[in-house]
Amino acid sequence: DGRIEPAGNMAAIEDIEDLITQTDGPITRIPHTQILPKIRKKRNQSKTEVSVDSPVNCDSIIPGTQKVFVKTWGCSHNNSDGEYMAGQLAAYGYQITESKEDAQLWVLNSCTVKTPAEDHFRNEVKKAKESGKHVVVAGCVPQAQPQANYLEGISIVGVQQIDRVVEIVEETLKGHSVRLLGQKKQSGKKLGGARLDLPKIRKNPLIEILAVNTGCLNQCTYCKTKHARGDLGSYDPEELVARAEQSFKEGVCEIWLTSEDTGAYGKDIGVTLPELLWRLVDTIPPGAMMRIGMTNPPYILEHLEVSYYCSTYRNISWLIPPIF
């Protein structure tokens with residue numbers, strides 16, 4: 001019933017207001033006008049005027065806004081890899097420049113077949129460091145010797161990881177060192193490499209360099225490329241035909257088929273080089289050409305006769321076999 005029971009010899013309280021006796025009187029409240037806020041003294045700080053047009057210095061990195069210098073040494077396969085890397089970087093927003101001085105980052109795509117090429121690569125890495133440039137290296141040299149002293153702390157794009165160059169460049173510009181050296185596999189079987197439909201900046205806009213496979217079946221003791229490119233890994237004929245068709249639509253008038261050993265193409269996936277050639281000649285428009293290069297005698301000799309008939313199809317008038 002709302003009644004509060006007495007405790008001890010206290011009288012019963014009918015209402016909460018009974019707690020205030022008549023002698024207590026009303027509560028005196030202080031008028032708001034008499035309350036004076038405490039004023040904190042401001043510290044003397046010098047005001048700096050910033051112009052709207054003046055650059056703002058900050059430590060953050062905005063990906064895709066820097067200039068990148070791309071340099072490639074070596075075979076046609078390596079040049080194709082360099083074109084793919086430049087194309088991806090440009091598609092992401094990076095500006096590909098011919099000027100080393102203007103570039104914030106250098107991508108150096110190396111070759112290990114000959115000592116002079118490797119020496120040039122090593123010297124460029126040294127120059128980049130001395131110039132305070134960010135550096136990303138690629139190609140056969142760092143793939144085969146990632147622990148080389150002059151590559152310490154430098155980001156590496158593996159020969160089968162060129163489709164991830166944008167990620168590596170972005171992290172390198174942030175000051176990180178990233179190394180992706182693994183092989184691409186599907187169901188435990190080595191693939192030819194990165195996708196063939198990636199963006200590309202061709203050094204010669206009229207020539208498409210098409211790597212049909214990577215690695216080889218031999219174990220030559222003198223060959224350092226084997227350590228870098230590894231065992232044979234072939235592209236599916238459908239991928240190669242699609243890339244050829246795309247290239248001709250983009251204005252290419254010549255296709256170079258290349259790899260470390262084109263004659264061994266398909267032995268790992270159950271197809272042969274002549275089977276691929278029969279498919280590709282159907283994609284060649286009038287006036288265009290196809291060239292086959294980089295092969296070893298043990299595998300191409302068994303295909304010479306069939307390759308000759310492929311070359312006479314559709315008025316392709318000559319075939320130059322490799323001479324060793």
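Sequence positions, counted from 1, serve as the residue numbers for this chain.
Within a 6.0 Å radius of NZ in Lys129, more than 12 heavy atoms belonging to other residues, nucleotides or ligands are found. The local environment of CD in Glu130 is crowded, with over 12 non-hydrogen atoms from other residues, nucleotides or ligands closer than 6.0 Å.
At least one donor-acceptor pair under 3.5 Å links the side chain of Gln143 to the backbone N or O of Leu181. Between the side chain of Asn79 and the backbone N or O of Gly74, at least one donor-acceptor pair lies under 3.5 Å. For Tyr265 (side chain) and Val271 (main-chain N/O), no donor-acceptor pair under 3.5 Å exists by modelled atom type. Distance alone, capped at 3.5 Å, places no donor-acceptor pair between the Glu171 side chain and the Ser155 backbone. The closest donor-acceptor contact from the side chain of Thr283 to the backbone of Leu280 lies under 3.5 Å. With hydrogens and angles ignored, the 3.5 Å screen pairs a side-chain donor or acceptor of Asn78 with a backbone N or O of Ser110. Using modelled atom types, no side-chain atom of Ser131 and backbone atom of Lys133 make a donor-acceptor pair closer than 3.5 Å. Side-chain N or O atoms of His134 include one that pairs as donor or acceptor with a backbone N or O of Thr172 at under 3.5 Å. Under a 3.5 Å cut-off, the side chain of Glu245 and the backbone N or O of Ala242 do not form any donor-acceptor pair. The main-chain N or O of Lys184 is found under 3.5 Å from a side-chain atom of Gln160 such that the two form a donor-acceptor pair.
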task = Evaluate the side chain to side chain contact (heavy atoms under 4.5 Å, CB included) criterion for residues Val136 and Leu108: first the C-alpha distance (whole Å), next the side-chain angles of each, then the deciding distance (0.1 Å), finally the verdict.
result = CA-CA 6 Å; Val136 172; Leu108 304 176; over 6 Å; no
request  = Under the side chain to side chain contact (heavy atoms under 4.5 Å, CB included) rule, what do Leu89 and Gln66 come out as? Steps first, then yes or no, please.
outcome  = CA-CA 10 Å; Leu89 292 169; Gln66 294 79 14; over 6 Å; no
ask   = Lys200 and Gln88: side chain to side chain donor-acceptor pair (under 3.5 Å), yes or no, with the steps?
value = CA-CA 7 Å; Lys200 197 173 195 181; Gln88 292 173 85; over 6 Å; no
inquiry  = I'd like to know whether Cys111 forms a side chain to side chain contact (heavy atoms under 4.5 Å, CB included) with His120, so could you lay out the CA-CA distance, the side-chain angles of the two residues, the decisive distance to 0.1 Å, and finally the verdict.
reply    = CA-CA 10 Å; Cys111 173; His120 288 311; over 6 Å; no
task = Before giving the answer on side chain to side chain contact (heavy atoms under 4.5 Å, CB included), spell out for Val178 and Glu167 the whole-Å C-alpha distance, their side-chain angles and the decisive distance to 0.1 Å.
result = CA-CA 9 Å; Val178 183; Glu167 302 172 51; over 6 Å; no
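Contact record, Ser76 with Thr258: OG-OG1, 2.7 Å, taken as the closest heavy-atom pair. Here the shortest heavy-atom pairing between Met290 and Val281 reads CE-CG1, 3.9 Å. Between His77 and Ser259 the shortest heavy-atom distance is ND1-CA, 4.0 Å. Ala138 and Met85 make their closest contact through CB-CE, 3.8 Å (heavy atoms, listed as atom of the first residue, atom of the second, distance). Here the closest heavy-atom approach between residue Phe121 and residue Val141 is recorded as CE2-CG1, 3.7 Å. Taking both residues in full, the closest heavy atoms of Gly192 and Thr214 are given as O-CG2, 3.3 Å, listed atom of the first, atom of the second, then distance.
The line from CG of Asn109 to CD of Glu124 is 13.0 Å long, rounded to the nearest 0.5 Å. Within the model, atoms CD of Glu260 and CG of Asp231 stand 12.0 Å from one another, a figure rounded to the nearest 0.5 Å. Here the NZ atom belonging to Lys203 is positioned 7.0 Å from the CD atom belonging to Glu83, to the nearest 0.5 angstrom. Atom OG of Ser234 and atom NZ of Lys189 lie 9.5 Å apart (nearest 0.5 Å). Interatomic distance, Asp261 CG to Lys267 NZ, rounded to the nearest 0.5 Å: 9.5 Å. Once rounded to the nearest 0.5 Å, the distance linking CG of Leu257 with CD1 of Ile209 reads 11.0 Å.
Between the side chains of Tyr299 and Asn218, a donor-acceptor pair is found at a separation under 3.5 Å.
We find that Lys114 and Glu118 are not joined by a salt bridge, their nearest charged nitrogen and carboxylate oxygen being 4.0 Å or further apart. A salt bridge does not link Glu239 with Arg195: none of the charged nitrogens is closer than 4.0 Å to a carboxylate oxygen. Using a cutoff of 4.0 Å between basic side-chain nitrogens and carboxylate oxygens, Arg229 and Asp81 are scored as salt-bridged.
The shortest side-chain heavy-atom distance between Glu208 and Phe248 does not fall under the 4.5 Å cut-off. With a 4.5 Å cut-off on side-chain heavy atoms, Tyr84 and Pro199 do not count as touching. Two residues are said to be in side-chain contact when any heavy atoms from C-beta on lie closer than 4.5 Å; Val137 and Val135 meet this criterion.
For Trp106, the ring pair (Phe, Tyr, Trp, His ring centres under 6.0 Å) partners two or more places apart in sequence, or in a different chain, are Phe69.
Hydrophobic cluster membership is shared by Ile269 and Leu277, with clusters built from Ile, Leu, Val, Met, Phe, Trp and Tyr side chains linked at under 4.5 angstrom. Connection of Leu198 to Leu240 is established within a shared hydrophobic cluster, with ILVMFWY side chains joined at heavy-atom distances below 4.5 Å, either directly or through further cluster members. Under a hydrophobic-cluster definition in which Ile, Leu, Val, Met, Phe, Trp and Tyr are linked whenever side-chain heavy atoms come within less than 4.5 Å, directly or via other members, Ile201 and Val165 are assigned to the same cluster. By the criterion of side-chain heavy atoms lying less than 4.5 angstrom apart, applied directly or through intervening Ile, Leu, Val, Met, Phe, Trp or Tyr residues, Ile292 is grouped together with Ile284 in one hydrophobic cluster. Tracing side-chain contacts under 4.5 Å through hydrophobic residues (I, L, V, M, F, W, Y), one never reaches Leu180 starting from Ile154; they form parts of separate clusters.
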